[in-house]
Participant: 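Below you'll find the structure I mean.
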Amino acid sequence: MHNQVIQLQYRAPVAEIVLNRPDKLNAINMAWIAGLNEAADRVADDPTIALVLIRGAGRSFCAGLDLDMMAAEGMPPGFYAGQERAFHRLETMDKLVVSAIHGHCLGGGVQLAIACDFRICSTDATLALPAANEGLFPGMAPYRLPRLVGLGFARRLVITGDPIAPEEALRIGLVDWLVPADQFDDGVQAIVQKLLDIPKAAALHAKHLMRESFERPFDDVLAESAERLADCLQSPDLDLARERWQARRDSPGDGDGIAP
């Protein structure tokens, strides 16, 4: 990639998308949006990648909309459509997508994080959706956030813009794991490995079924789930899962046959 505002680093089967405007706390401008779209398209089409990790360079994950840009020129044409295209690409790709949140995670940073499948949060993070206080609304967060944390919590976060502590974010389901700041890198890698150990086909079929669960009738999703189940049953992942199950059964202390 030629866009240095967003860096793409490969360590197959993991691709890291690094938000790389550390002097601006990785705030979102047009180059950021172009870079994220390019990176998302590349990893989505790469069969060697199973998981995408999104993280921020420097002191923060993402401080949201670049307010210096807004003060100088307003919101440029194509900004909003380009941002939402990138976020939608992430949430619909056949990969597990994980955000590693530290420092500031504000506005568009939260919007990016909730478009991911999982969120790992440092205890030093500050999370908020302050757009309403700036005379805007936070993109498609009013659509995504109620599905994640419920309408009540989403309404409060979106309309008041009040910051939420990492511990509260974990309690309401806004983030999935909370890791001490001084152990963050190691904690992120351990969770990434945990996710990589899950049979890929099962995880991705479940991802897509859950994403559709709020919009489609039960019978339609049931019919699709039968097709996805057939794919799982034919996947080599199933044989690997059986081998792991047998190894657990044969290991000392697992004689009761109950999976951990």
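Keep in mind that what you see is a predicted model, and the values were worked out from it rather than measured.
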Participant: What are the two closest heavy atoms between Ala115 and Glu91, and how far apart are they?
Facilitator: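 Minimum heavy-atom separation between Ala115 and Glu91: O-CB, 3.1 Å.
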Participant: How are the rings of Trp32 and Phe87 set relative to one another: parallel (under 30°), tilted (30 to 60°) or perpendicular (over 60°)?
Facilitator: perpendicular
Participant: Residues in side-chain contact (heavy atoms from CB on, under 4.5 Å) with Asp186, at least two apart?
Facilitator: none
Participant: Do Asp176 side-chain atoms and Arg119 backbone N/O form a donor-acceptor pair below 3.5 Å?
Facilitator: yes
Participant: Under a 3.5 Å distance rule, please check whether Ser213 uses its side chain to pair with a backbone N or O of Met210 as donor and acceptor.
Facilitator: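 Here the side-chain-to-backbone pair exists.
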Participant: Test of understanding: clusters of I, L, V, M, F, W, Y form through side-chain heavy atoms closer than 4.5 Å, transitively. Do Phe79 and Val5 belong to the same one?
Facilitator: yes
Participant: Would you check if Phe153 and Arg171 make a side-chain contact, meaning some heavy-atom pair closer than 4.5 Å?
Facilitator: yes
Participant: Find out whether Leu148 and Ile172 are in side-chain contact, i.e. whether some heavy atom of one side chain is under 4.5 Å from a heavy atom of the other.
Facilitator: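 No, their side chains stay 4.5 Å or more apart.
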Participant: Evaluate Arg89 against Asp45 for salt bridge (charged side-chain N to carboxylate O under 4.0 Å, His left out), listing each step before the verdict.
Facilitator: CA-CA 11 Å; Arg89 187 71 155 136; Asp45 295 335; 3.5 Å; yes
Participant: Return the CD to CG distance between Gln193 and Leu196, rounded to the nearest 0.5 Å.
Facilitator: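 Going from the CD atom of Gln193 to the CG atom of Leu196 covers 5.0 Å.
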Participant: Walk me through whether Asp68 and Lys24 qualify under side chain to side chain contact (heavy atoms under 4.5 Å, CB included).
Facilitator: CA-CA 10 Å; Asp68 290 337; Lys24 295 287 189 178; 2.8 Å; yes
Participant: Please confirm whether the backbone N or O of Arg156 pairs with a side-chain atom of Thr160, one donor and one acceptor, at under 3.5 Å?
Facilitator: yes
Participant: Counting N and O atoms only, with roles assigned by atom type, does the side chain of Arg55 sit under 3.5 Å from a partner on the main chain of Ala100, one being a donor and the other an acceptor?
Facilitator: no
Participant: Taking all non-hydrogen atoms of both residues into account, name the closest pair between Gly107 and Pro130 and its distance.
Facilitator: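 That would be N-CD, 3.6 Å.
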Participant: Evaluate salt bridge (charged side-chain N to carboxylate O under 4.0 Å, His left out) for Glu224 paired with Arg228, printing each intermediate quantity in order.
Facilitator: CA-CA 6 Å; Glu224 181 181 337; Arg228 291 182 178 277; 2.7 Å; yes
Participant: Look at the side chain of Asn29 and the backbone N and O of Met69, then say whether any donor-acceptor pair between them is shorter than 3.5 Å.
Facilitator: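 Answer holds: no.
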Participant: So, the side chain of Asn26 versus the backbone of Phe61: is there a donor-acceptor pair under 3.5 Å, distance only?
Facilitator: yes
Participant: Do Val158 and Val175 belong to the same hydrophobic cluster, where Ile, Leu, Val, Met, Phe, Trp and Tyr are linked whenever their side-chain heavy atoms lie under 4.5 Å apart, directly or via other members?
Facilitator: yes
Participant: Side chains of Leu174 and Leu127: does their closest heavy-atom pair fall under 4.5 Å?
Facilitator: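 With C-beta onward as the side chain, the pair touches.
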Participant: Is Leu96 reachable from Val188 through a run of I, L, V, M, F, W or Y residues, each pair having side-chain heavy atoms under 4.5 Å apart?
Facilitator: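 Same cluster.
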Participant: Has the side chain of Lys95 got a donor or acceptor atom that lies under 3.5 Å from a matching backbone atom of Ile49?
Facilitator: yes
Participant: Specify the closest pair of heavy atoms between Glu84 and Gly139, including all atoms of both residues, with the distance to one decimal.
Facilitator: OE2-CA, 4.1 Å
Participant: Would you say CZ of Arg59 has more than 12 non-hydrogen atoms from neighbouring residues, nucleotides or ligands within 6.0 angstrom?
Facilitator: no
Participant: To the nearest 0.5 Å, tell me how far Ile33 CD1 sits from Ile6 CD1.
Facilitator: 9.5 Å
Participant: Go through the side-chain N and O atoms of Asp185 and Gln189 and say whether any donor and acceptor fall under 3.5 Å apart.
Facilitator: no
Participant: Give a yes or no on whether the backbone of Gly82 and the side-chain of Asn37 come within a donor-acceptor separation of less than 3.5 Å.
Facilitator: yes
Participant: For Tyr143, give me all partners under side chain to side chain donor-acceptor pair (under 3.5 Å), at least two apart in sequence or on another chain.
Facilitator: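 Scan of Tyr143 (side chain to side chain donor-acceptor pair (under 3.5 Å), adjacent residues dropped) gives Glu215.
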Participant: Which atom names give the shortest non-hydrogen contact between Ala57 and Pro22, and what distance separates them?
Facilitator: O-CB, 3.8 Å
Participant: Please report the closest heavy-atom contact between Val97 and Cys116, naming both atoms and the distance.
Facilitator: O-CB, 3.5 Å
Participant: Atom CG in Asp117, atom CG in Leu90: separation rounded to 0.5 Å?
Facilitator: 9.0 Å
Participant: List the steps, then state whether salt bridge (charged side-chain N to carboxylate O under 4.0 Å, His left out) holds for Lys207 with Asp94.
Facilitator: CA-CA 9 Å; Lys207 165 180 174 168; Asp94 281 333; over 6 Å; no
Participant: Look up atom CH2 in Trp177 and atom OG in Ser122, then write down how far apart they are to the nearest 0.5 Å.
Facilitator: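 Rounded to the nearest 0.5 Å, the CH2-OG separation comes to 15.5 Å.
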Participant: Go through Val52 and Val98 one step at a time and tell me if the side chain to side chain contact (heavy atoms under 4.5 Å, CB included) criterion holds.
Facilitator: CA-CA 6 Å; Val52 180; Val98 182; over 6 Å; no
Participant: Has Ser60 got a side-chain atom pairing as donor or acceptor with His104's backbone, closer than 3.5 angstrom?
Facilitator: yes
Participant: Just by modelled atom types, is the Ile101 backbone N or O under 3.5 Å from a matching donor or acceptor in the Ser99 side chain?
Facilitator: no
Participant: Which distance, rounded to the nearest 0.5 Å, do you find between the CD1 of Ile164 and the CG of Asp162?
Facilitator: 10.0 Å
Participant: Do Leu106 and Leu25 have side chains that approach each other closer than 4.5 Å (heavy atoms only, starting at C-beta)?
Facilitator: no
Participant: List the steps and the verdict of side chain to side chain contact (heavy atoms under 4.5 Å, CB included) for Leu19 and Cys62.
Facilitator: CA-CA 8 Å; Leu19 313 177; Cys62 174; 4.0 Å; yes
Participant: Going only through I, L, V, M, F, W and Y residues with side-chain contacts under 4.5 Å, is there a path from Phe137 to Met70?
Facilitator: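 Same hydrophobic cluster.
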Participant: Taking atom OG1 of Thr123 and atom CG of Asp182, what is their separation to the nearest 0.5 Å?
Facilitator: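 Rounded to the nearest 0.5 Å, the OG1-CG separation comes to 7.0 Å.
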Participant: Testing the 3.5 Å rule here: is there a donor-acceptor pair between the side chains of Asp231 and His205?
Facilitator: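 A pair is found: one side chain offers a donor N or O, the other an acceptor, under 3.5 Å apart.
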Participant: Ignoring hydrogens, what is the shortest heavy-atom contact between Leu129 and Pro138? Give both atom names and the distance.
Facilitator: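 Closest approach of Leu129 to Pro138: CD2-CB, 3.8 Å.
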Participant: Check the hydrophobic clustering (I, L, V, M, F, W, Y; side-chain heavy atoms under 4.5 Å; chains of links allowed) and say if Val149 and Leu151 are grouped together.
Facilitator: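 Different clusters: Val149 never reaches Leu151 through Ile, Leu, Val, Met, Phe, Trp or Tyr contacts under 4.5 Å.
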Participant: What's the verdict on side chain to side chain contact (heavy atoms under 4.5 Å, CB included) for Gln111 and Gln83, showing C-alpha distance, side-chain angles and the deciding distance?
Facilitator: CA-CA 10 Å; Gln111 294 177 53; Gln83 171 187 277; 3.4 Å; yes
